[in-house]
Amino acid sequence: MSGTEAEERSGDFIRDIIRADLDAGRAGSVVTRFPPEPNGYLHIGHAKSICLNFGVAEEFGGRCHLRFDDTNPTREEHEFIASIQDDVRWLGFDWGDHLYFASDNFETLYGWAEHLISEAKAYVDDLSQDEIRKHRGTLTEPGRNSPYRERAVEKNLDLFRRMRAGEFADGARVLRAKIDMASGNINLRDPVIYRILHAEHPRTGNAWCIYPTYDFAHGQSDAIEGVTHSLCTLEFEDHRPLYDWLIDNLPVPARPRQYEFARLNLFYTVLSKRILTGLVAGGQVGGWDDPRMPTISGLRRRGVPAAAIRDFVKRIGISKSDNTVEVALLDHCIREGLNKTAERRLGVLRPLKVVIENYDEGAEEELDAINNPEDAAAGTRTVPFSREIYIERDDFMEDPPKKFFRLAPGREVRLRYAYFITCTDVIKDDAGVVTELRCTYDPATRGGNAPDGRKVRGTLHWVSAAHGVEAEVRLFDHLFTRPDPGAEGDIVDDINPESLTVLKRCRLEPALADARPGETLQFERQGYFCLDPDSSPDKLVFNRTVALRDSWAKIKAKGAGKG
RNA sequence: UGGGGGAUAGUUUAACGGUAGAACUUCCGGCUCUGGACCGGACGGCCCAGGUUCGAAUCCUGGUCCCCCAGCCA
């Protein structure tokens, strides 16, 4: 096998299976599907599934469907149907004409349920929910047959039709597949396949008052659509025998196969739709698209490009072992993409005023700045400079430790794209807080280089006081304080009270007033930022997507306590 | 104690009986008009015990640990 062949052969076990099926002729082409239930917003865990399903379809020349598994009208909404489509599209995937809803199959599924009844493979059970539970047995004890299990086919058919007709109240009866109450696999202990729900469905309205369960809808919908490889997460492994049983016992037009892979977990993050829904409902976050949320819409609002999410998913791989990925990998993927594409700007988050005493009062000039050192095609822009500027508070220390290369009394540093300045005086308020610095500049260093060849260790970003625009900047940290939120006690107690930091009165270079929504920019030496939808022309609001790697912070942290 | 899965560096993931490799993280160094980026280097792993084999992460046996399942959720 040559090197390139070896590369083609490499991949995850799912791709291995598909390749083998294709090679052996078990499948003529590949059809996959992404099957969300429209009861919440998509998150980065879904992105893994989306990239897998759409990815393999594309790689093997097949197609991937978007199918809503909308079988439970009590918790599904139009809002979610719309947001899910937006998010999948935004991630960069296209289902073409292949948009489906399990609810489109309700009539067919109903017919198949009657078919099962006719074959004496399903029966209407009058037991209450509680009684059914008691009959089900436990993990270690077999279940007991329902007293209604041997009802005559005609009686079952009659009752099931009357269930559909709305003669019974919610929960009064269910339709169950007749399989094996003694099975070690609880899913095979006569699973409920239809239940009575007098609820309005987002798509079928009030046409139905009985709805198929997931198990009765999923595999059959796969078969109807011609799905060849039905990829889902590990918790459905136990359902595969039921999936197969239904396919085997129903006159379905195709024979799909289910394969399971491990879902994504992220440290310091929750990827449970139930819990995310709770955070939104409980007001712990601002909504599904709160930038601290692991939702696709939250990541988008934070400024994370779709390409970074795709890259991340590619890097974490696909396997069957439980896994929890470090947030650092996601951050890395975000930075790596943005480093190549994001334009640079100057923005001061925590301003400290600097007066350059030997610079003419009232004078100003435009200095050239490079938009993206990683991309010459991004060109240059000019940045206004004047006598009074702002620098970052963290870039000055009155009594600096050894490895601090930034501004300090008597020290010379470079202002990015501007001049060398030297700190000559420190002004403080009554409380001893530094309020202003007095500096001098060297006119010969215009642009940032000294003709005499002298070097400085530090380069600071800055914004002209007279020209800069004011903005609010929002910084985000992990939503939870512990790597395994909710592992002990109430998860709400694990919410990080400092997950959101709002900085008012930040000073940004004037070009930032023209930032476009959806565009992520780098504030030099700080990180990547994007305009938040809360922004307006008279009140700019930026979100920090991710900070730049900060080796000074590490040095500082290490030195802390050591003097 | 039933059934179904899984164990390879700190994290994620390769290997398909033939030299355990990568990425991220961490650390060290270089370079730099971003303490960014980039470049170079280092640390670090096959769950355990037997067995088969010239050779085992891989095959066999027996353990151990972890995850999932008792919704009329998906």
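Chain identifiers are assigned alphabetically (A, B, ...) following the order of the sequence lines, protein sequences preceding nucleic acid strands; residue numbering begins at 1 within each chain. Not measured: the values here are computed from a predicted model.
The 5' end of RNA chain B is approached more closely, in terms of each residue's nearest nucleotide, by A:L234 than by the other of A:L234 and A:A262. Residues A:T324 and A:N72 both approach RNA chain B. Their nearest nucleotides, taken by heavy-atom distance, put A:T324 toward the 5′ side.
In the region residues 175-191 of chain A, proximity to RNA chain B at under 4.0 angstrom, judged on heavy atoms, holds for A:G184, A:N185, A:I186. Residues from residues 166-174 of chain A with heavy atoms under 4.0 angstrom of RNA chain B, sorted by number: A:G171, A:V174.
Taking 3.5 Å as the limit, the base of B:A74 and the side chain of A:H239 contain a donor-acceptor pair of atoms between them. No donor-acceptor contact under 3.5 Å links the side chain of A:D322 to the base of B:G6.
Counting all heavy atoms, side chain and backbone alike, A:G219 lies closest to A:I247 at O-CD1, 3.7 Å. The shortest heavy-atom contact between A:H461 and A:G347 is CD2-O, 3.1 Å. Residues A:C232 and A:R33 share a closest heavy-atom pair of N-NH2, 4.2 Å.
The side chain of A:K48 places no N or O atom within less than 4.0 Å of a non-bridging phosphate oxygen (OP1 or OP2) of B:U12. Between A:R136 and B:G71 there is a side-chain N or O to OP1 or OP2 distance below 4.0 Å.
The CG atom of A:D215 sits 14 Å away from the P atom of B:C69 (whole-angstrom rounding). In this entry the distance linking CZ of A:R263 with C1' of B:C66 reads 17 Å, nearest Å. One interatomic measurement links the two molecules: CZ of A:F261 to P of B:G6, which rounds to 15 Å at whole-angstrom precision. Rounding to whole angstrom units, CD of residue A:E237 and P of B:C68 are separated by 13 Å. Regarding A:L139, its CG atom lies at a distance of 14 Å from the P atom of B:C67, rounded to whole Å. The OH-P distance, from A:Y194 to B:C73, rounds to 14 Å in whole Å. Nucleotide B:C73 holds its C1' atom 14 Å from the CG atom of A:D70, rounded to whole Å.
Candidate nucleotides B:G10, B:G2, B:U13 were compared by shortest atom distance to the side chain of A:E326, and B:G10 ranks first. Minimum atom distance to the side chain of A:T140 is reached by B:G2, of the listed B:G2, B:G5, B:A74. Each of B:C24, B:A74, B:C72 was ranked by its minimum atom distance to the side chain of A:I132; first place goes to B:C72. Nearest to the side chain of A:D238, among B:C73, B:G3, B:U12, sits B:G3. Nearest to the side-chain atoms of A:A328 among the listed nucleotides B:U12, B:G4, B:U25 stands B:U25.
Looking at heavy-atom distances under 4.0 Å, A:S128 makes contact with a base.
Judged as a salt bridge (charged side-chain N to carboxylate O under 4.0 Å, His left out), the pairs with a partner in residues 183-193 of chain A (not counting sequence neighbours) are, in order, A:R149-A:D190.
The environment of A:R454 atom CZ is dense: over 12 non-hydrogen atoms of other residues, nucleotides or ligands sit within 6.0 angstrom.
In this structure, the side chains of A:R203 and A:D104 come closer than 4.5 Å at one or more pairs of heavy atoms. A:Y390 has its side chain out of reach of A:V354: every pair of non-hydrogen atoms, C-beta onward, lies at least 4.5 Å apart. Using a 4.5 Å heavy-atom threshold, the side chains of A:F101 and A:R67 count as separate.
Taking a pair as Watson-Crick or G-U wobble with both distances under 3.5 Å, RNA chain B forms stems of 3 or more consecutive pairs at B:2-7 with B:64-69, B:10-13 with B:21-24, B:26-30 with B:38-42, B:47-51 with B:59-63.
Remark: the separation of the C1' atoms in B:U13 and B:U8 is 9 Å, to the nearest Å. Taking atom P in both B:C27 and B:A37, the straight-line distance is 13 Å, to the nearest Å. When the C1' atom is compared between B:U19 and B:C46, the two are found 15 Å apart, to the nearest whole Å. For the C1' atoms, the distance from B:G18 to B:G55 is 7 Å, rounded to whole Å. With C1' as the reference atom, B:G4 and B:G17 are 29 Å apart, rounded to whole Å.
Partners of A:F216 according to the ring-ring contact (aromatic ring centres under 6.0 Å, His included) rule, which considers only residues two or more places apart in sequence or in another chain, are A:Y194.
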Working for salt bridge (charged side-chain N to carboxylate O under 4.0 Å, His left out), residues A:R75 and A:E37: CA-CA 9 Å; A:R75 32 189 254 170; A:E37 183 192 9; 3.1 Å; yes

Could you check A:L508 against A:R345 for side chain to side chain contact (heavy atoms under 4.5 Å, CB included), going step by step and ending with a plain yes or no? CA-CA 8 Å; A:L508 313 180; A:R345 297 289 184 266; over 6 Å; no

Can you give one letter per nucleotide of nucleotides 34-45 of chain B, 5' to 3': B if a protein heavy atom sits under 4.0 Å from the base, S if only from the sugar-phosphate, - if neither? BBBS--------

